[in-house]
Amino acid sequence: MRFSTCFFSLLLVVPSLALPSPRAFKTIVVNSTTNVELSYIDSGAPAGAATYPTIFAIHGIIFSNLVFQKLMDSASSLGVRVVGINRRPFPGSTPFTDAELNVIYTGGSGTAERQAELDARGHELGTFIANFITQFNLPRLSADGKTGGAVLLGWSLGAPFALAAVSAAGSLPPATLATLSANLRSIIVYEPAPLAIGLPTPSQNWNPLVDSTIPADLQLEAFGQWVTAYFDNNIANRNLDDLAWVVTSPSHTPTLYTIAAAGKLDAMQELGADAQTDLPFIFNFASELLGSYRNALFDANTAATFPKLKRSVLCGTKTAAFGVNGFWAIQDDQAANVPQASIAYKMMDGTNHLAIWDNPTTIINTVKSLV
Ligand SMILES: *[C@@H]1O[C@H](CO)[C@@H](O)[C@H](O)[C@H]1NC(C)=O
């Protein structure tokens, strides 16, 4: 009897050890018709602060919003709140429907269908920010534009989605748009590849994602290792040939190893189905992404919709070459087409693509200087 009771309780215990309970996600519904929701992590209000800005950070390819953990750890002491949003279909956010996947993977029936899909991603993020402001009663942006409010930080492949949030905002429901336009004070475009905003890829480009000698099922993992390294770019002459397109720097440990040593890599890195939609999306949507980026940063009507919005482009000197390339490409695109637009360009000395992990204080202070 004693033995069998013991055995029975073991049966109860063992399954719960073998199957850890699923991660609990905090989510916000961003479309009440479709019930699409986005998951997020939130540093919370900085202790004792009457007002503060809230930075809404959008992650890139492979790495989920957990890549912003170090920013969150530093947020309170630096007087900001950081909210890391998981894009669809990353963990806790609604997976794409078959119809949405079809448009992403094939480019759909034409530009109207692609534009609607891109606008939907923008609406989801814009609605998230507006709903978050309302639900948590965030400090509103002051009349002088100097305190409170929201900052949209689009990092890496998160940048085109941040840009879509601004570009597509004009067709949001009026109440959502009103909250967003009254409170969004800054959009920061942080190290997208040119392709991610529809600009051309130069002949020098190399990374593990475009190397067909790497088995297809290892390309994402190889890219994650490579992109988190440091690169000894020579930026003095603003020449693409002087960037370190292939070889990583021997003088600094790639951040992926630091993240792994801290035991954080497995939870953060998505190499399965969640990671598969980003590349087809940027390849198939190039012309819509170009229009969306230009509309968000340079268009006069968008500027009128967001009268308090500052627009910036940010880059570290030791990031992967595509990041420096993207930074220069935006500068050149602006100079050629809209020299009158007011954009701040900020180059950070010595930081890599994972400065959000390696240099969180630098990043938050730089963001604060751009709001
Ligand atoms: C919610 O989803 C529906 C169906 O896709 C769409 O028609 C509508 O525009 C979406 N709402 C917003 C605010 O984007």
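Counting starts at 1 for both ligands and their atoms, in listed order.
Here is the list of ligand 1 atoms found below 4.0 Å of a heavy atom in His123: 14 (O). Taking a cut-off of under 4.0 Å to the non-hydrogen atoms of Pro173, the atoms of ligand 1 that pass are 13 (C).
Proximity of the aromatic rings of Phe281 and Phe161 is defined here by a centroid distance below 6.0 angstrom, and this criterion is met. The distance between the ring centers of Trp328 and Tyr345 does not fall below 6.0 angstrom.
The proximity of Ala120 to ligand 1, defined as any non-hydrogen pair under 4.0 Å, does not occur for either the backbone or the side chain.
For atom 2 (O) of ligand 1, the closest heavy atom belonging to the protein is Asn31 ND2, 2.3 Å. Protein heavy atom at the shortest distance from atom 5 (O) of ligand 1 is Thr34 CG2, 4.0 Å.
Distance check for atom 14 (O) of ligand 1: a protein heavy atom is found below 4.0 Å. For atom 9 (O) of ligand 1, the nearest protein heavy atom lies 4.0 Å away or farther.
A side-chain N or O of Thr255 and one of Asp358 form a donor-acceptor pair less than 3.5 Å apart.
Electrostatic pairing of Arg121 and Glu124 counts as a salt bridge here, judged by a charged N lying under 4.0 Å from a carboxylate O.
Shown here for Asn337 and Arg294, the closest heavy-atom pair between the two residues is ND2-NH2, 3.8 Å. Contact record, Gly126 with Thr176: O-CG2, 4.4 Å, taken as the closest heavy-atom pair.
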